[in-house]
Q: 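Below are the structure tokens for one structure; questions will follow.
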Amino acid sequence: KGKHRLANDVERVVQEHLTYVREEMCDGWDLIHEEGKMKVYRREVEENGIVVDPLKIFHSIQGVTGHEICHYFWEYQYRMEWETTLDSTKIIEALDQDTVIFFQMHKRVWPTAQRDSCFWSHIRCISNSEEDQPTWLVVNYTTPHPLAPIKPPQVRLIANVAMICETIINEPPLNPKDIKRENIQCKLAYVAFVNPGGWVPSAAVRNVAKREYPRFLRRFTSYVIEQTRDKPILF
Ligand SMILES: CCCc1ccc(-c2ccc(S(=O)(=O)CCO)cc2)cc1[C@H]1C[C@H]1c1ccccn1
């Protein structure tokens, strides 16, 4: 398995996310939304008058593994079943069996121009020797591509997003074969740095983000619970 042309970028961005997700949630982060186990934090940041607020969501989902969450988040074929904010999605290149490039048309968010996005999407399992369960993660990172030319009036999003998951097994039975879904939970951290890619009224994009991110995560996690309900556990 040779190294593809973006392998070094993928490595760098994955390591950055692994470092960043462990950072303390103290200075400068506002808890803007809480529902059940989901906690949504945001820092207010503007670059040249454009809202680029970093967003961090911590959530804990009963009955699914981190591998299952990442599998349904990364795999192309499920995307339109849980993503309500897209008009279309397609893979325009496969770099290796864990790294593909997506081109997506996002639904127009009034009053903004329609957004599109082109990003590499990488899935990875990181087995820590000490912990019993590995960490699974997916990173989506904007990249240019000849098959995704910028087509005004559409505006190209700049996204750097990570879904980082741990699997917890409560009261592990002696024989791992006996683990039931009620004994497992996934603790996830979702981090999003999204630059809408062009001027948007700050209040509008802050309100949309505050509403849409929790909604997207609620819908996505419910989808994974449904899809895995009576399937063997994917560790
Ligand atoms: C003016 C539009 C701004 C806008 C564009 C796009 C996105 C966005 C991009 C990527 C990803 S993902 O997690 O990588 C899943 C890929 O399909 C999720 C969201 C978010 C917003 C901000 C508005 C917020 C939002 C959050 C969640 C869903 C949709 N929109």
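Count residues from 1 along the sequence. When a ligand or atom number is given, it counts from 1 through the structure's own listing order.
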Q: Does either side chain, that of S117 or that of H106, offer a donor lying less than 3.5 Å from an acceptor on the other one?
A: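 Per modelled atom types, S117 and H106 side chains form a pair under 3.5 Å.
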Q: Would you please indicate if the ring centroids of Y141 and H122 are separated by under 6.0 Å?
A: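 No, ring centres 6.0 Å or more apart.
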Q: Could you list each N/O atom of ligand 1 together with any protein N/O atom closer than 3.5 Å, one pair per line with the distance?
A:
| residue | atom | partner | partner atom | Å |
| --- | --- | --- | --- | --- |
| ligand 1 | 13 (O) | Y190 | OH | 2.7 |
| ligand 1 | 14 (O) | N140 | ND2 | 2.9 |
| ligand 1 | 17 (O) | E83 | OE2 | 2.6 |
| ligand 1 | 17 (O) | Q104 | NE2 | 3.0 |

Q: List the atom pairs, donor and acceptor, that lie under 3.5 Å between side-chain atoms in residues 143-153 and the rest of the protein, sequence neighbours left out.
A:
| residue | atom | partner | partner atom | Å |
| --- | --- | --- | --- | --- |
| H145 | ND1 | L147 | N | 2.9 |
| H145 | NE2 | E93 | OE1 | 2.7 |

Q: In chain order, what residues pass the salt bridge (Lys or Arg N to Asp or Glu O under 4.0 Å) check against R124, with sequence neighbours excluded?
A: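 E11.
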Q: Could you tabulate the donor-acceptor pairs under 3.5 Å formed by side-chain atoms of residues 181-193, not counting sequence neighbours?
A:
| residue | atom | partner | partner atom | Å |
| --- | --- | --- | --- | --- |
| R181 | NE | T228 | O | 3.1 |
| R181 | NH1 | G63 | O | 2.9 |
| R181 | NH1 | E68 | OE1 | 3.0 |
| R181 | NH1 | E68 | OE2 | 3.4 |
| R181 | NH2 | E68 | OE2 | 2.7 |
| R181 | NH2 | T228 | O | 3.2 |
| R181 | NH2 | K231 | O | 3.1 |
| R181 | NH2 | P232 | O | 3.4 |
| N183 | OD1 | K180 | N | 3.1 |
| Q185 | OE1 | N170 | ND2 | 3.4 |
| Q185 | NE2 | S60 | OG | 3.2 |

Q: Check whether any side-chain heavy atom of Y213 lies under 4.5 Å from a side-chain heavy atom of I57, and answer yes or no.
A: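 Side-chain contact under 4.5 Å: yes.
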